[in-house]
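Every value quoted in this text rests on a predicted model; they were computed, and no experiment measured them. Throughout, numbering of the chain's residues begins at 1 and tracks the sequence.
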Amino acid sequence: MKNKNEFSALKLFISMLIAWAIVFVGAWASKGFSADFFAMPRFTVVLVVSAAGAIVIGPAIYGFLYIGRRHDK
């Protein structure tokens with residue numbers, strides 16, 4: 001990439017979706033990918049926790065993927 005380090009809301013949103021998927025699939029894997037994972041009280045908690053994980057991990061992924069790259073001038 002030969003462009004400047006510029007903030008992109010779309011790239012940040014994509015990074016947050018990646019982080020959400022990582023946390024969500026990790027929680028599902030911890031239950032052995034069973035169908036009872038989607039029972040409503042537990043599923044609601046998992047959605048909230050995975051959204052919180054995306055808010056925390058998403059900007060870190062964004063920083064590593066886009067801002068932390070070396071850009072030629």
Side-chain angles (χ1 to χ4, degrees):
M1 295 181 76
K2 292 187 178 184
N3 54 0
K4 297 179 183 177
N5 286 334
E6 295 178 4
F7 176 78
S8 171
L10 177 63
K11 290 178 181 177
L12 178 61
F13 181 72
I14 291 170
S15 298
M16 292 178 81
L17 283 177
I18 292 169
W20 177 82
I22 290 169
V23 174
F24 184 82
V25 171
W28 191 20
S30 71
K31 291 294 182 182
F33 296 108
S34 64
D36 67 338
F37 174 78
F38 296 101
M40 195 41 75
R42 181 182 304 142
F43 189 64
T44 304
V45 170
V46 168
L47 287 177
V48 170
V49 169
S50 61
I55 291 169
V56 172
I57 298 170
I61 292 173
Y62 177 80
F64 286 126
L65 292 179
Y66 302 108
I67 297 174
R69 287 187 178 171
R70 181 178 174 193
H71 297 276
D72 295 329
K73 294 182 180 182

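- Contact between V23 and V49 at its shortest, heavy atoms only, is CG1-O, 4.4 Å.
- Grouping the Ile, Leu, Val, Met, Phe, Trp and Tyr side chains by contacts below 4.5 angstrom, directly or via other members, places L10 with I18.
- Between the side chain of W20 and the backbone N or O of S15 there is no donor-acceptor pair closer than 3.5 Å.
- The shortest distance between side-chain heavy atoms of L47 and F24 falls below 4.5 Å.
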